[in-house]
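Here the structure is laid out as structure tokens; the discussion comes afterwards.
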Amino acid sequence: MKKIAVFTSGGDSPGMNACIRAVVRTAIFNGVEVMGICRGYEGMIDGDFIEMNTSSVGNIIQRGGTILKSARSERFRTPEGRKKAFENLKANNIDGVIVIGGDGSFSGASVFNKEYHIPFVGCPGTIDNDLYGTDFTIGYDTAINTVMEAVDKIRDTADSHNRLFFIEVMGRDAGFIALRSGIAVGAEAILIPETKTHIEDLISILEKGRERKKSGSIIIVAEGDDAGGAFEVAKRVKERYNFYDTRTTVLGHIQRGGSPTAADRLLASRLGNKAVETLLSGDHNLMVGQSGKEIVFVPFEKATKHHQEVDRSLLDLAMILSS
Ligand code: F6P
């Protein structure tokens with residue numbers, strides 16, 4: 001392998017830059033040329049390729065976002081789009097590709113690989129932590145720390161005014177952000193898509209808090225919860241239980257930005273490095289992840305089709321500690 005390409009795809013996540021840096025520097029260390037593809041699969045289709053060298057990834061390990069930009073590509077879902085992407089990879093003499101992204105990005109790589117046999121290796125880059133086979137994805141730790149800092153601030157004002165806050169965090173299909181950040185902020189309840197939400201149960205938790213004369217309560221709601229987002233849950237609670245003055249906050253894209261934590265920088269550096277070594281060793285069509293202390297290799301189809309289970313013991317812990 002003489003020349004490889006790297007790109008970031010889907011929703012950006014803090015640590016993607018650290019991963020790009022690791023990919024570029026590992027490739028150069030091994031005598032392999034590297035190109036960056038801008039704007040994910042969109043840039044692959046449009047031929048938006050740039051040369052990369054050691055200094056093009058200098059001073060980025062601490063930066064959120066992605067210097068290569070990112071996109072969600074509808075065109076890559078079409079055979080015409082994928083054909084153009086292949087032609088551009090060939091025109092730039094690319095022998096293998098590193099994709100940093102989430103499940104949509106890996107599904108795209110899997111389909112593309114079957115059609116055009118260009119080797120791809122993936123690094124899990126998403127704040128959602130919803131890929132099977134890796135304990136954590138790049139960006140997740142930063143995102144839950146961002147949530148924690150924001151909710152700590154909200155807790156101050158909730159407490160001062162004896163208010164009940166419903167706080168919506170990201171996670172369309174998965175409650176990993178809600179669950180761990182919810183425990184870290186001592187939320188009174190955590191609502192996630194993986195478990196059925198009963199408004200009656202939520203009300204009895206609030207009742208107990210009221211009996212204990214709790215000043216202010218925090219309910220963390222994952223955006224994809226089955227009962228609806230935070231506004232909908234707040235409305236349904238209010239209809240049945242009007243004791244508290246309530247407020248709703250949607251944290252939104254603040255969760256995707258910011259300087260990555262040390263944990264995310266380390267994860268990104270390890271996985272970016274291993275992804276290149278894997279590609280050079282001839283393996284492909286898989287995601288590089290971390291399980292315990294070990295680096296693991298998970299076929300794209302397994303990483304995207306299997307669901308990472310929520311840790312039931314964390315759900316129990318949240319319930320015990322908030323009671
Ligand atoms: O996949 C990451 C994520 O941040 C999800 O948690 C969220 O539902 C979604 O992206 C938001 O996507 P967009 O930035 O395209 O609105």
Side-chain angles (χ1 to χ4, degrees), residues 7-19 38-43 64-66 68-77 99-110 122-134 136-151 166-182 184 190-195 197 220-233 248-261 264 267-268 271 287 289 300 303-308 310:
F7 71 105
T8 48
S9 168
D12 64 345
S13 69
M16 279 184 161
N17 280 328
C19 194
C38 301
R39 296 181 295 112
Y41 289 114
E42 285 289 287
T66 157
L68 291 176
K69 315 273 183 194
S70 197
R72 302 188 196 276
S73 176
E74 280 308 315
R75 286 190 293 160
F76 197 74
R77 292 180 193 276
V99 47
I100 307 167
D103 55 355
S105 314
F106 293 169
S107 305
S110 200
C123 293
T126 162
I127 63 164
D128 291 341
N129 205 37
D130 58 348
L131 287 163
Y132 180 83
T134 186
F136 297 112
T137 56
I138 299 163
Y140 173 67
D141 186 64
T142 308
I144 60 173
N145 274 286
T146 300
V147 172
M148 185 182 73
E149 280 169 27
V151 178
F166 293 87
I167 302 173
E168 183 174 303
V169 300
M170 277 186 167
R172 273 184 296 219
D173 312 306
F176 298 105
I177 295 177
L179 182 57
R180 283 186 187 245
S181 66
I190 303 168
L191 311 185
I192 58 174
E194 292 85 348
T195 57
T197 294
I220 300 286
V221 186
E223 64 175 325
D225 186 65
D226 58 294
F231 279 101
E232 178 61 22
V233 174
T248 303
T249 304
V250 177
L251 294 182
H253 287 77
I254 188 176
Q255 295 160 91
R256 286 241 296 263
S259 178
T261 58
D264 273 330
L267 183 67
L271 298 186
M287 173 190 87
F300 282 144
T304 55
K305 295 222 173 79
H306 285 55
H307 287 293
Q308 150 112 286
V310 283

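Since we're looking at a predicted model, the values are computed, not measured. Order of appearance sets the numbers: ligands from 1, and atoms from 1 within every ligand.
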Without hydrogens or angle criteria, can the side chains of [X] and [Y] be said to hold a donor-acceptor pair below 3.5 Å?
{"X": "Gln255", "Y": "Thr146", "value": "no"}
{"X": "Thr66", "Y": "Asp12", "value": "no"}
{"X": "Thr197", "Y": "Asp225", "value": "yes"}

Legend entry - Taking every non-hydrogen atom, the tightest pair across Gly10 and Ser70: O-OG, 2.6 Å

Legend entry - Donor-acceptor contact present, side-chain Glu223 to main-chain Met170, <3.5 Å: no

Inset, instruction - For His253 and ligand 1, answer yes if some heavy atom of the residue is under 4.0 Å from a ligand atom, otherwise no. - result: yes

Inset, instruction - Consider ligand 1: state whether an atom of it lies below 4.0 angstrom from any non-hydrogen atom of Gly171. - result: yes

Legend entry - Top protein contact for atom 6 (O) of ligand 1, by heavy-atom distance: Asp128 OD1, 2.6 Å

Inset, instruction - Looking only at protein heavy atoms, identify the closest one to atom 11 (C) of ligand 1 and say how far it is in Å. - result: Arg256 NH1, 3.6 Å

Inset, instruction - Only heavy atoms count here, so choose which of Arg72, Glu223, Met170 is nearest to atom 8 (O) of ligand 1. - result: Glu223

